[in-house]
Amino acid sequence: MSRKRPLSTAQHASPSLVDSLFLGTPIADADQNSFAPVWRQEARDERGRKRFHGAFTGGFSAGYFNTVGSKEGWTPSAFKSSRTERAEKKTLRPEDFMDEEDLADQLADERLVAAAPFSAISEPSSSKGAEAGLQDILRGAPPGAESVGYELLKKMGWKPGFGIGPLKSQVVAGRKVMMPPRADEAALSGVRLERKNNKHGLGYDSEVPSIESNEPTESARRALLAPGTISSKKNTGFGVGVVNEYEDGDDEEDPYEIKPIAYDRVLGSKKQKPLSGVSKHVFVSKTKTKSHSAGAITTSKLRRCHDGRLPISGFVLVIGGSLATSSMLTNEKAYTLPSIPDSYVPGILIMRDPKTVVTPQLIADFEKSRKSSSSARSSSIYHQQHLSAAERSRILGSAQDHLQGKSIFDYMTPAQRERFAKATGNQNLPPAKSEVGPTLSEAGHDSGHRNEAALLELIPTLDKHQASTALSAGFMPYADDHEKRARYIAYLESQSGSRPVSHLLTFMKSGDSDTTAGKLKVEDWMRELKEFNKAAGLFRPLKGMLANRFTSSANAATTKTSVVEDDNTVLLQGAGQGKGATDREDVSAAKLGMYGPLTRRVSAWAPSSLLCKRFGVRVPNMSAVDVSGEPEELKASARERLDLLSHRKLLTIAKDADVDEEVTKRLESQTMDSGDGSKINVEVNEALEQKKAPRDLFLAVFGDSDGEDERD
Amino acid sequence: MPFPVYSRNAPLKEHVGPVHVVTYNTTGQYILSGGQDRKIILWNPNSSKVVKSYIAHGYEVLDIAVSYDNSKFVSCGGDRTIYLWDVTSGSTVRRFSGHMSRVNTVDFNADASVVASGSYDAKVRLWDTKSSSQRPIQLLEEAKDSISSLQVVGSQIITGSVDGYVRVYDLRMGQVFEDLIGSPVTSVKDSTDGACVLVSTLDSTIRLMDKSNGTMLQSFKGHLNKEYRIRSCFGDNDVYVISGSEDGKVYAWDMLSGRMVHELKGHGEKVISCVAYHPKNPQMVSCGTDGSIQVWDYT
């Protein structure tokens with residue numbers, strides 16, 4: 001045990017603790033938080049901000065933490081006018097809401113891409129192809145914006161018009177000179193004229209993910225896109241989860257969507273790249289582009305122009321011959337024609353009846369017959385090749401017989417034919433016959449006479465009885481068109497026999513030249529007649545009871561039912577009578593001026609007692625009121641009578657309206673029990689005639705007791 | 001007595017807009033008139049001076065009836081309410097409301113204890129002036145269309161409706177007599193002896209109907225009445241039948257013969273909506289849509 005320690009060991013201790021011994025490493029000044037009990041520990045994030053605001057601990061913080069004001073809540077602060085600073089919009093960027101995690105994700109997504117001027121070398125003016133240039137102009141790109149590569153080339157001594165590459169020795173004016181290579185316009189221009197080998201539509205975009213069914217996984221997706229392209233869909237990023245495709249809230253991708261079949265998928269397509277044009281930010285040499293496009297066509301096969309230059313990439317020079325036969329234009333394989341056997345004789349087997357079964361026997365017979373005929377005619381093939389159209393149509397049995405094989409040349413004059421021949425250069429036109437075609441008027445007249453009889457037959461017929469009932473119906477349709485109504489009536493009359501049917505033809509225009517007003521064209525006339533035919537079935541007169549229940553609108557239209565108030569005065573316009581198709585008795589009597597019993601109606605009316613008191617009259621005895629006429633009947637056995645009446649009325653209505661037979665039978669079978677049945681025997685009343693209680697009981701209840709109830 | 005044919009004084013032009021109703025009081029000393037301008041004016045017809053104005057209505061005034069003692073009168077109009085006025089004080093004593101549309105006509109009974117009102121809503125309401133009840137004593141609902149005119153005579157209530165019927169409600173007998181006239185009825189007036197009813201209709205005819213059996217006793221034609229409510233009345237103890245017209249003339253017929261005896265021009269071609277005859281003297285008053293009230297005298 002050493003009492004005195006050397007000074008060196010006591011160096012670490014604080015001056016006040018010189019004598020104390022230190023063993024072990026002192027506890028680092030850890031935050032007191034972790035050693036406090038749980039309920040005292042405070043949750044803070046790495047920036048020192050408090051997490052889990054007041055609500056969790058049971059306190060009220062009034063939105064203070066991380067938001068506004070103070071512990072006590074919103075603290076009023078001095079008003080700062082934004083009148084002058086209104087234009088300043090505090091735009092919040094997504095970055096403001098991100099935490100570290102999100103920011104890290106965002107960084108991970110960033111890629112370095114060459115900006116537009118740097119992305120590809122292209123000549124300024126020539127590269128502006130139709131679309132690309134237009135787009136740039138619309139975007140407001142300054143004219144003459146050139147790619148940086150172009151600028152660099154120029155700075156290094158390159159001039160537009162030259163190719164790119166080492167100087168080549170060429171013979172110019174008899175001397176060997178080193179010259180820059182010949183320019184290939186296509187190499188510098190952004191326009192790539194590439195052959196379209198696929199069968200997509202012109203605007204097809206393989207990157208559009210609408211048609212995708214087989215490979216929803218990300219890796220496959222990436223594989224489908226050409227390497228080096230920027231994925232247009234951000235697979236990672238703020239707000240995008242792992243399985244990003246289906247988290248967009250059904251904007252674009254519905255996980256349950258049944259996508260249409262993608263027809264452009266090829267087996268083993270994972271390794272293939274889409275064939276759409278891809279802009280590469282690498283300068284592409286001439287040969288490579290050629291090999292990508294146009295498939296089988298290599299440089300060696302191309303023909304050159306007269307000056308030795310190659311045609312523009314994507315184009316093939318074709319000299320002579322017909323385009324169609326140039327196999328160079330198609331990648332397709334040329335298939336040879338099938339070999340025709342020597343014994344083949346061209347001919348047609350026409351079957352009159354398509355239902356005949358084609359048996360080998362039939363074919364053999366046909367062949368035999370043909371062969372026999374062909375031997376007769378030496379130049380049968382030749383002959384058949386020179387069948388005229390008329391003969392062919394005749395053989396085929398075509399329906400256009402009426403044309404009778406006339407051609408336009410029949411109607412032309414020779415002079416006109418010569419003009420045709422000169423224009424087409426074809427002297428083999430049929431001879432001109434200068435016929436006169438059928439004129440309209442002739443056709444019209446002929447058809448008119450021919451068709452009148454036919455038209456009369458086409459008029460729809462109506463049953464005579466039906467027509468006459470329709471005529472007698474109270475209501476005639478077409479109230480707004482009197483002419484039409486007249487025609488309808490004429491039709492009905494013609495069908496009921498009172499008018500000749502040919503009279504109906506007077507309503508029809510006799511030809512195109514007939515411009516009489518009121519007459520109809522043939523089609524309209526025919527259509528109208530059919531309409532009348534149908535209408536006649538509808539507008540039948542109502543019978544019996546039903547007629548009383550329905551009123552025609554014609555009567556209603558004539559009555560004035562409105563009460564109109566003028567600015568200044570009170571007008572009273574009344575409803576005219578017009579109830580029902582037939583006037584009631586009293587109405588007609590009033591019309592005639594025969595006022596009296598017919599127009600008078602007396603009914604019972606009970607004044608209230610207070611009213612009578614006020615008027616100073618005695619309240620009348622209503623039961624004694626003798627009211628003549630219907631009301632009396634109503635009082636006596638009113639209900640029964642009503643039932644009877646209604647039943648009878650029902651029956652008559654049913655019968656009139658041609659109601660289903662069963663229903664009427666059922667109605668009839670309903671015995672009028674309400675009226676006749678339940679006969680009441682006046683003599684006997686069961687309720688009263690019951691056996692009286694036995695006398696003992698009677699006395700016990702009501703009899704004298706021993707003075708119990710006696711009172712003074 | 002001679003018929004008053006002279007319009008001595010200038011017409012009274014206090015109203016603004018058409019005058020719908022004009023009536024004498026029971027003595028004939030005063031006239032009450034009501035018009036589109038919502039005012040009721042009490043006049044002295046002889047001096048042509050305005051005595052009092054009664055202003056309370058919210059809408060036009062369509063009818064006025066004076067009580068038997070001239071102390072009260074009742075008025076009705078477009079505001080669906082019936083106002084009971086006190087003549088001298090000029091204030092509204094009571095208001096009866098309950099009608100669902102404008103009230104076209106109103107009348108007192110003999111002792112002014114009951115007010116009968118007929119409305120566009122086809123109902124007649126009988127109100128009690130003695131009690132303070134808000135509801136009518138009785139409702140007469142037989143009519144199918146607007147009640148254009150009514151009169152309470154003794155123990156009978158005569159109503160004329162646009163549905164073409166004249167209905168006489170007899171309290172004593174407990175019956176209602178419905179007479180079909182044919183055209184919309186615009187005015188009903190009982191005769192002095194109570195035996196017949198003068199009915200004006202929209203077919204330019206005035207008919208005198210017998211109350212007992214509903215027959216027509218006489219008809220009067222010559223005036224024009226096709227659209228508006230024109231009222232007619234008896235004159236000179238039922239000797240004459242007087243009516244306004246839509247052509248601006250006052251017509252008078254002899255009741256017994258039906259012959260037109262007078263055609264008086266006034267109110268400048270405008271509709272003469274109401275005429276009233278003095279209870280005793282040969283004097284009458286007419287009012288029209290031109291806003292003027294004309295007093296006619298026999299000298």
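To find a chain, count down the sequence lines: A is the first, B the second, and so on, and within it residues start at 1.
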Between atom CD of B:E178 and atom CG of A:D586, what is the distance when rounded to the nearest 0.5 Å?
10.5 Å
For the pair B:Q138 (side chain) and A:L610 (backbone), establish whether a donor and an acceptor sit closer than 3.5 Å, ignoring hydrogens and angles.
no
Just how far is it from atom NZ of A:K613 to atom CD1 of B:I137, taken to the nearest 0.5 Å?
9.5 Å
At a heavy-atom distance under 4.5 Å, which candidate from A:L598, A:V617, A:V619 has the highest pair count against chain B?
A:V617
Heavy atoms only, distances under 4.5 angstrom: which of B:L126, B:D111, B:D128, B:V114 has the most pairs with chain A? Name it, please.
B:D128
For A:P607 and B:G174, which heavy atoms make the closest approach, and how far apart are they?
CD-CA, 4.2 Å
Where at least one partner belongs to residues 210-221 of chain B, residue pairs that pass side-chain hydrogen bond (donor to acceptor under 3.5 Å, both in side chains), sequence neighbours excluded:
B:Q156-B:K211, B:D190-B:K211, B:D210-B:S212, B:N213-B:T215
Measure B:I181 against the heavy atoms of chain A and call it side chain, backbone, both or neither at under 4.5 Å.
both
Which answer fits B:V166, side chain, backbone, both or neither, if we ask what part of it has an atom under 4.5 Å from a heavy atom of chain A?
neither
Look at atom CD of B:E269 and say whether more than 12 heavy atoms of other residues, nucleotides or ligands are closer to it than 6.0 Å.
no
Non-hydrogen atoms of A:A604 and B:V176 that approach each other most closely:
O-CG1, 4.5 Å
From CD (B:Q175) to CE (A:M622), nearest 0.5 Å:
7.5 Å
Listed by chain and number, what are the ring-ring contact (aromatic ring centres under 6.0 Å, His included) partners of B:F96, not counting sequence neighbours?
B:W127
Under 4.5 Å from a heavy atom of chain A, the part of B:D203 involved:
neither
Cut-off 4.5 Å, heavy atoms of chain A, and the answer for B:S183 is neither
Other residues, nucleotides and ligands only: do more than 12 of their heavy atoms fall within 6.0 Å of NZ on A:K534?
no
Flag if over 12 foreign heavy atoms under 6.0 Å of CZ, B:R94:
yes
To the nearest 0.5 Å, tell me how far B:D179 CG sits from A:Y595 OH.
10.0 Å
